[in-house]
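Sequence lines set the chain letters: A, B, ... in the order given, protein chains first and strands last, and positions in each chain run from 1. Not measured: the values here are computed from a predicted model.
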Protein chains: 4
Amino acid sequence: MQQERRPLGRPRQDHKGKPTKNIILDVATRLFLEQGYQVVSMDDVAKKCGVTKATVYYYYKTKADLFTDAMVQMMIRIRKRIFDILSADKPLKERLLEFAKAHLQATVGIDIKGFMKEAKNSLSSEQLQQMKETEDKMYEVLEQALINAMEKGEIPKSHPQLGAHSFVALLTVGNYKDADQHPIFPSLDEMAKQIVDFYWNGLGN
Amino acid sequence: MQQERRPLGRPRQDHKGKPTKNIILDVATRLFLEQGYQVVSMDDVAKKCGVTKATVYYYYKTKADLFTDAMVQMMIRIRKRIFDILSADKPLKERLLEFAKAHLQATVGIDIKGFMKEAKNSLSSEQLQQMKETEDKMYEVLEQALINAMEKGEIPKSHPQLGAHSFVALLTVGNYKDADQHPIFPSLDEMAKQIVDFYWNGLGN
Amino acid sequence: MQQERRPLGRPRQDHKGKPTKNIILDVATRLFLEQGYQVVSMDDVAKKCGVTKATVYYYYKTKADLFTDAMVQMMIRIRKRIFDILSADKPLKERLLEFAKAHLQATVGIDIKGFMKEAKNSLSSEQLQQMKETEDKMYEVLEQALINAMEKGEIPKSHPQLGAHSFVALLTVGNYKDADQHPIFPSLDEMAKQIVDFYWNGLGN
Amino acid sequence: MQQERRPLGRPRQDHKGKPTKNIILDVATRLFLEQGYQVVSMDDVAKKCGVTKATVYYYYKTKADLFTDAMVQMMIRIRKRIFDILSADKPLKERLLEFAKAHLQATVGIDIKGFMKEAKNSLSSEQLQQMKETEDKMYEVLEQALINAMEKGEIPKSHPQLGAHSFVALLTVGNYKDADQHPIFPSLDEMAKQIVDFYWNGLGN
DNA sequence: GATGAATGAGGCTTCATTCAT
DNA sequence: CATGAATGAAGCCTCATTCAT
């Protein structure tokens, strides 16, 4: 239950102690996020884990299963982190700023839509459904925070679902780099601040 | 060893009007947008075109070439459409609304970032660069419209690049559907209006 | 999308004795020698082995790998046989005669030069180097026998490397057949004798 | 992408006045000798000639035809050169030395045996026969020179066919390079001299 | 003469998946 | 638990060849 606290810096290759199934899931998550569903092969996962393909299949019946589990678990973890950040006893704007910073620091941009399009032909409808539902729950956390803020009069009443999705959509702007690899703002903090300011205006404040 | 005679060669000119190369490019564009780079096979493209794989390779030396050309040409077309819409002699907000409607009507969400991540290991750096540059030019059209509006005092001065990317990012919200396949707003027009309103506030108006 | 169930997987152990990898290597060696690198396809090899292409790739990552291993192992075997023949306690000329007979009986003419030219664009430089070195070691065995004979005064002192290569070159004459399929001498033994006599003179005896 | 750009400024090989068919044959000969039958494609030949594949097919009905013609014409040219060299009014040994030098200077080692093995599955039996016959005629020139020398008492009487083939076989030693790319003798002239000396002894002189 | 367009066949390689051990 | 061995399917790409123009 207790999520291990990640020290700052890179996650290392060091799979000591962890049960094999967890190693596989972690490695798979990272690979899928970095390269996409199709490009990552079961053998890639196995090799990075230091086991054989057959072992991966021992834990996950199909690649689609592994992918679904990886994405779902990841979204659950993200939801928890979002929840923690948004539960702090601070003004909403400050909480959103922290949310933005955390999201932009994550090396991977979580583009569920993109992943779903790529995998849509390979996943069963149950699996797609399961991912969709987990994704929805992620957004609900943010929605709820907006609803609470509206009820407390911290922000004007408006469509909370639109608000939640807009915020996450705006965050993707932070990952943009132009043809010369320059991001829109040089520092992550500046980027986060600008996005939140823009968003805050958009909410009607 | 005897060679068998086979009925090969150029079939009688089958003039349906469009040159084969264009057919291929159009079909490929559609398939790539719908399913992503990896999932679409050269054979898929060929079959949908009613030609053989070899014919596709006659016009495009590699799958990466076909993909790059498809994406670049598409972005050029989109840029033209954006330019036309934004060149109208109307208040900016109305032009943006039209932009939004047009974009949401297009069956495809143009998620260049997602495509690039998926294809990044398959494309040459020249190809990636070419796509990036074309993408930048797309955004520049919107940026320029924002700059003009700022100079005319139609909107407050702010970071036009951020503004351009934010707008496009917000549009993606329009494609969202929840686990029950419900979009955030039932009608496209309503969706577009809400997004533009939100955006308009974000610009500081 | 539903995956179909297929009856794949490891078939019941079909122990004919030789491990599959050895079968593949042996068959590949024979095919490459008979037909050359380019003409032999991985599928040819697989079919002659009674396995599928994928099985061949399970043991050899590329065709070039399979070829290199096949040629190297073969040259090592040949070197051993040459060594055995030349190690006998007999006059050099008799040993050379036996060498010649053995070589002419072998169905394959070992034309490393030819193989290398054909494969040179397909092999990595490491692979070419490995083959070259193994080839050199083959010749060294014959060189050493010549050096020993020179030291014992059995033949006049001369350039042993030239001597070794000349002998092998002369042996290729034995495989010549004219347009009517007639060899130069009707019997192998006669052919061998004539070549060795010619060679023996050439050495200056 | 546009790929026109044909009309002006093509830095192509300058095949001046020669008729197209000759250009094709010359280019094909060179390519086949350098790389072998299988590796050279009709398109390779066409491109090096500055024409299209269809043009090559206009002159040669099949690749096997082109190959056969190329090889046969080449062997005829070689036969002429051998004939010229061997017709000089000099002692046989000197003529052989010149033969050897000329052969070793030619960039390509003419290994008909190797070519035939590689092409054997692709050529018709008529084509194989034709090449064989032309090859035989090449050797006959040398045979005849040996016969004449025997009749003049310049060399002992022996089997002229064996003598001819042995000489050509020995010449291949001149092209050998070890794993470090060192030939047996550093200079071509020295190599030729050593080979001819060895051969001369072999003839029984 | 020469070419542009097209094709069927086939070659190399990868991959998800299976199953006996 | 874990793996080694195997496979069918499919994907990318090349090539000899053909034929209308």
Review point. For the ring pair D:Phe32 and D:Phe67, is the centre-to-centre distance below 6.0 Å?
Key: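 D:Phe32 vs D:Phe67: aromatic centres under 6.0 Å.
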
Just the rounded figure in Å: distance from [atom2] of [N] to [atom1] of [X].
X       : N      : atom1 : atom2 : value
B:Leu66 : F:dG11 : CG    : P     : 15 Å
A:Lys47 : E:dA16 : NZ    : C1'   : 14 Å
B:Met42 : E:dG11 : CE    : C1'   : 17 Å
D:Lys61 : E:dA2  : NZ    : P     : 20 Å
D:Phe67 : F:dA16 : CZ    : C1'   : 16 Å
D:Tyr60 : F:dT18 : OH    : P     : 17 Å
C:Asp43 : E:dA9  : CG    : P     : 15 Å
C:Tyr58 : F:dA9  : OH    : P     : 21 Å

Side-chain N or O of [X] closer than 4.0 Å to phosphate OP1/OP2 of [N]:
X       : N      : value
D:Thr52 : E:dT3  : yes
B:Tyr57 : F:dC15 : no
B:Thr62 : F:dC12 : no
B:Thr20 : E:dA5  : no

Point to revise | Under-3.5 Å donor-acceptor pair between D:Lys53 side chain and E:dT3 base | key: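 Check fails, no donor-acceptor contact within cut-off.
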
Exercise for review: Look at the side chain of D:Lys63 and the base of F:dT17, then say whether one donor and one acceptor between them are separated by less than 3.5 Å.
Suggested key: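 There is none.
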
Review point. Does one side chain, of A:Gln129 or A:Glu133, offer a donor that lies under 3.5 Å from an acceptor on the other?
Key: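 Side-chain D/A pair, A:Gln129 to A:Glu133: present.
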
**Study point:** Residue pairs fulfilling salt bridge (charged side-chain N to carboxylate O under 4.0 Å, His left out) with at least one residue in residues 46-56 of chain B, sequence neighbours excluded
**Key:**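 Sorted result for residues 46-56 of chain B: B:Asp43-B:Lys47.
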
**Study point:** B:Asp44 vs C:Tyr59, nearer the 5' end of DNA chain F by closest nucleotide
**Key:**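 Closer to the 5' end of DNA chain F: C:Tyr59.
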
Review point. 5'-most contact on DNA chain F: D:Ala54 or C:Thr55, nearest heavy atom basis?
Key: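 Residue closer to the 5' terminus by nearest nucleotide: C:Thr55.
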
Working to the nearest 0.5 Å, report the span between [atom1] of [X] and [atom2] of [Y].
X        : Y       : atom1 : atom2 : result
A:Asp44  : A:Ser41 : CG    : OG    : 3.0 Å
B:Thr134 : B:Gln73 : OG1   : CD    : 8.5 Å
A:Arg30  : A:Gln35 : CZ    : CD    : 10.0 Å

Revision key, fill the gap. Writing each nucleotide of DNA chain E 5' to 3' as (, ), [, ], | or . by Watson-Crick or G-U pairing under 3.5 Å yields .||||||||||||||||||||

Practice item. Look at all strands and tell whether A:Val40 reaches a base, only sugar-phosphate, or nothing, counting heavy atoms closer than 4.0 Å. Key: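 Sugar-phosphate contact only - A:Val40 comes under 4.0 Å of backbone atoms but never of a base.
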
Practice item. Select base, sugar-phosphate, or nothing to describe what A:Ser41 touches, counting heavy atoms under 4.0 Å on all strands. Key: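 If one applies the 4.0 Å heavy-atom cut-off, A:Ser41 turns out to touch the sugar-phosphate alone, with no base involved.
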
Check your understanding: Mind checking whether A:Tyr37 and A:Met71 have side chains closer than 4.5 Å, heavy atoms only?
Key ->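 Sidechains of A:Met71 and A:Tyr37: no contact.
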
Check your understanding: So do B:Asp26 and B:Lys18 actually touch side chain to side chain, heavy atoms under 4.5 Å?
Key ->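 Yes; the side chains approach each other to less than 4.5 Å.
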
